[in-house]
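Heavy atoms only: backbone and side chains are in, while hydrogens, waters and symmetry mates are out.
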Amino acid sequence: MTPFEYVSVLISIVLGLGITQIVSGVADIIHQWNKAKLYWPHLMWIAFVFFLHIQEWWVLYDLRTLSEWKLPTFLFIILYPINLFILARILFPSAGADSGDFKKFYFENFRKFFVWAVILIALSLSDNILFNGYSWIDQPVHIFLLIALPYFIFKNFQQEWLHKLTVILLSALLLASLLLVEWTLTI
């Protein structure tokens, strides 16, 4: 077993746990379909975080070329999947909590979600610098989001249009990045 194969197992397990949170949460919504009052921005965040899990698993393979693995490197790399798991968990009410009104749930919890999203962006920015050869100047979107989202959190914006616009823009940005990057897996 190579060092990459060894460490990728635990990273894949953490990503799998996050995907399980999302799929289970969606199944719970379907199970309580008659009671649930869905909110489309919340549903878009669910899809967004689900895709980030899949994307992280996909790009994990690029780390196979890392010649030497040390514990600090591994601990840093696994922080991103752990953060994704936390984001996935925040998107759904706890067991036994009133989960009928997802608009209400979203507005009660969006600040927690965005705090962890900011951490995720900081981790991504750092990962790009440490392992992908980018400088911080090469990442203007990351820098913008690291400035804008904390402001969004601090000001506690409750305007619905702003939340809708945010999820639409970030989803469009994610989709555009997919179209610009070749996602081939070469073995």
Participant: Is there side-chain contact between Leu174 and Leu52, with heavy atoms separated by less than 4.5 Å?
Facilitator: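 Counting from C-beta outward, Leu174 and Leu52 do come under 4.5 Å.
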Participant: Considering non-hydrogen atoms only, spot the tightest contact between Ile153 and Arg111 and give its length.
Facilitator: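 Ile153 and Arg111 have their closest heavy atoms at O-NE, 3.0 Å.
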Participant: When rounded to the nearest 0.5 angstrom, what distance separates NZ in Lys112 from CG in Asn109?
Facilitator: 4.0 Å
Participant: Quick check on the hydrophobic clustering: are Tyr151 and Leu146 connected, directly or via other members, by side-chain heavy-atom contacts under 4.5 Å?
Facilitator: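 Same cluster.
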Participant: Are Ile147 and Tyr134 connected in a single hydrophobic cluster, I mean Ile/Leu/Val/Met/Phe/Trp/Tyr linked by side-chain heavy atoms less than 4.5 Å apart?
Facilitator: no
Participant: Minimum heavy-atom separation for Ser124 and Gln139, please, with both atom names.
Facilitator: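 Ser124 and Gln139 have their closest heavy atoms at O-OE1, 4.2 Å.
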Participant: Go through the side-chain N and O atoms of Glu160 and Tyr106 and say whether any donor and acceptor fall under 3.5 Å apart.
Facilitator: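 Result is no, nothing qualifies.
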Participant: Tell me if the CH2 atom of Trp40 is crowded by more than 12 foreign heavy atoms within 6.0 Å.
Facilitator: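 More than 12 heavy atoms, drawn from other residues, nucleotides or ligands, come within 6.0 Å of this atom.
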Participant: Within a strict 4.5 Å, meaning less than it, do heavy atoms of the Phe74 and Ile11 side chains meet?
Facilitator: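 Answer yes - side chains close enough.
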Participant: Are Asp127 and Phe76 side-chain neighbours, meaning at least one heavy-atom pair lies under 4.5 Å?
Facilitator: yes
Participant: Hey, what do you get for CD1 (Ile86) to CZ (Phe113), rounding to the nearest 0.5 Å?
Facilitator: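 So the CD1 of Ile86 and the CZ of Phe113 are separated by 12.5 Å.
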Participant: How far does CG of Leu84 sit from CG of Leu15, to the nearest 0.5 angstrom?
Facilitator: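 The CG atom of Leu84 sits 6.5 Å away from the CG atom of Leu15.
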Participant: Can you see which heavy atom on Ile137 is nearest to which on Pro140, and at what distance?
Facilitator: O-CD, 3.8 Å
Participant: Apply side-chain contact (heavy atoms from CB on, under 4.5 Å) to Tyr39 and Lys164, showing your working.
Facilitator: CA-CA 10 Å; Tyr39 184 55; Lys164 290 176 179 178; 4.1 Å; yes
Participant: Does any part of the side chain of Leu125, heavy atoms only, come nearer than 4.5 Å to the side chain of Ile143, both counted from C-beta?
Facilitator: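 Contact flag for Ile143/Leu125 side chains = yes.
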Participant: Heavy-atom count check: over 12 atoms from other residues, nucleotides or ligands less than 6.0 Å from Trp57 CH2?
Facilitator: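 Open: at most 12 neighbouring heavy atoms sit under 6.0 Å from CH2 of Trp57.
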Participant: Sequence neighbours left out, what passes side-chain hydrogen bond (donor to acceptor under 3.5 Å, both in side chains) with Lys70? Give chain and number order.
Facilitator: Glu68
Participant: Applying a strict under-4.5 Å side-chain criterion to I, L, V, M, F, W and Y, I'd like to know whether Leu162 and Phe154 cluster together.
Facilitator: no
Participant: Could you measure the distance from the CD1 atom of Ile119 to the CG atom of Leu87? Nearest 0.5 Å is fine.
Facilitator: 8.5 Å
Participant: Is there a side-chain contact between His163 and Thr166 in this structure, where contact means two heavy atoms from C-beta onward sitting under 4.5 Å apart?
Facilitator: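 Of all side-chain heavy-atom pairs linking Thr166 with His163, none is under 4.5 Å.
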Participant: Check whether any side-chain heavy atom of Phe48 lies under 4.5 Å from a side-chain heavy atom of Val167, and answer yes or no.
Facilitator: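 Phe48 does not reach Val167 side chain to side chain.
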Participant: Centroid-to-centroid, Phe110 to His42, below 6.0 Å?
Facilitator: no
Participant: Between His53 and Gly18, which heavy-atom pair has the shortest distance, and what is it?
Facilitator: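 Answer, listing the atom of His53 first, then Gly18: NE2-CA, 3.3 Å.
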Participant: Could you tell me if the side chain of Phe102 sits less than 4.5 Å from the side chain of Ile29, heavy atoms only?
Facilitator: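 Yes; the side chains approach each other to less than 4.5 Å.
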Participant: Grab the two heavy atoms, one from Asp138 and one from Ser135, that are nearest each other, plus how far apart they are.
Facilitator: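 Shortest heavy-atom separation between Asp138 and Ser135 comes out as OD2-N, 2.9 Å.
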Participant: Roughly how far, to the nearest 0.5 Å, is the CG atom of Leu91 from the CZ atom of Phe50?
Facilitator: 13.0 Å
Participant: Can you tell if the side chain of Leu170 reaches within under 4.5 Å of the side chain of Leu145, non-hydrogen atoms only?
Facilitator: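 Yes, their side chains come closer than 4.5 Å.
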Participant: Determine whether the aromatic ring centres of residues Trp45 and Phe114 are separated by less than 6.0 angstrom.
Facilitator: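 Phe114 vs Trp45: aromatic centres under 6.0 Å.
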Participant: Assess the side chains of Gln158 and Asn156: does a donor N or O sit below 3.5 Å from an acceptor N or O?
Facilitator: yes
